[in-house]
K.L.:
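Supplied in structure tokens, the structure appears directly below.
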Amino acid sequence: CRIDAAVNKGTALYMMFNPTLLAREFFLPDGNWTVRINTAWPAGEDLPAQAAAVALAPGKSFVLGRKGLAVAEWRA
């Protein structure tokens, strides 16, 4: 699910959901994305502060752990 920056005050969001028992690979649209929420990470690390958020390399995929939900952010 993607929310475009043009309709969200300059911030694009990309939500990934993995209901399976296996990790799954997601391919994000082009841009500099940062993982802001990842429920597959251990408790306490699943909602990192903005300064500690994980930046994804442009053009790379993201592997989401089993039964996880992740939200990546891109700012214009």
Side-chain angles (χ1 to χ4, degrees):
C1 175
R2 181 178 179 182
I3 299 173
D4 193 82
V7 297
N8 195 36
K9 299 181 182 177
T11 301
L13 299 174
Y14 193 83
M15 187 189 80
M16 299 160 275
F17 178 64
N18 177 12
T20 73
L21 295 176
L22 301 172
R24 294 289 182 215
E25 185 175 25
F26 289 83
F27 295 91
L28 280 76
D30 288 338
N32 294 316
W33 294 91
T34 304
V35 178
R36 300 288 298 156
I37 299 170
N38 185 348
T39 63
W41 289 340
E45 297 175 24
D46 51 351
L47 298 169
Q50 188 168 1
V54 176
L56 302 175
K60 297 290 182 180
S61 62
F62 177 74
V63 177
L64 179 57
R66 63 187 212 106
K67 295 192 174 186
L69 174 122
V71 177
E73 170 187 69
W74 177 88
R75 290 185 181 265

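Scope of the values below: all heavy atoms of this structure, side chains included, with no hydrogens, waters or symmetry mates.
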K.L.:
If you group Ile, Leu, Val, Met, Phe, Trp and Tyr whenever their side-chain heavy atoms sit less than 4.5 Å apart, what else falls in with F27?
P.N.:
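Result for F27 is none, singleton.
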K.L.:
Once you round to the nearest 0.5 Å, how far does CZ of R2 lie from CG of L28?
P.N.:
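Going from CZ on R2 over to CG on L28, the span is 9.0 Å.
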K.L.:
Could you state whether L56 and I37 fall into the same hydrophobic cluster, counting links through intermediate Ile, Leu, Val, Met, Phe, Trp or Tyr residues with side-chain heavy atoms under 4.5 angstrom apart?
P.N.:
no
K.L.:
Return the set of residues passing side chain to side chain contact (heavy atoms under 4.5 Å, CB included) with R24 (not counting sequence neighbours), or none when no residue passes.
P.N.:
N18, T20, L22, F26
K.L.:
For I3, give me all partners under side chain to side chain contact (heavy atoms under 4.5 Å, CB included), at least two apart in sequence or on another chain.
P.N.:
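If we apply the side chain to side chain contact (heavy atoms under 4.5 Å, CB included) test to I3, skipping adjacent residues, the hits are V7, N8, L13.
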K.L.:
In terms of hydrophobic clustering (I, L, V, M, F, W, Y; side-chain heavy atoms under 4.5 Å; direct or indirect links), are L64 and L47 co-clustered?
P.N.:
no
K.L.:
Show every side chain to side chain donor-acceptor pair (under 3.5 Å) that has at least one partner inside residues 49-63, sequence neighbours left out.
P.N.:
E25-S61
K.L.:
When rounded to the nearest 0.5 angstrom, what is the spacing between OG1 in T34 and CH2 in W74?
P.N.:
11.5 Å
K.L.:
Do you know which two heavy atoms are closest between F62 and A70, and how far apart they sit?
P.N.:
CE2-CB, 3.9 Å
K.L.:
Through direct or indirect side-chain contacts below 4.5 angstrom among Ile, Leu, Val, Met, Phe, Trp and Tyr, which residues connect to V63?
P.N.:
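Its cluster mates, by chain and number: none.
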K.L.:
Enumerate the residue pairs fulfilling salt bridge (charged side-chain N to carboxylate O under 4.0 Å, His left out) with a member in residues 27-54, sequence neighbours excluded, ordered by first and then second residue.
P.N.:
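Qualifying pairs, neighbours excluded: R36-E73.
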K.L.:
For the residue pair W41 and P48, establish whether any side-chain heavy-atom pair is separated by less than 4.5 Å.
P.N.:
yes
K.L.:
Do F17 and Y14 land in one hydrophobic cluster if side-chain heavy atoms of ILVMFWY residues count as linked below 4.5 Å?
P.N.:
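No; tracing contacts between hydrophobic side chains, which count when under 4.5 Å, never links both residues.
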K.L.:
Closest heavy-atom contact between P58 and N32?
P.N.:
CG-OD1, 3.2 Å
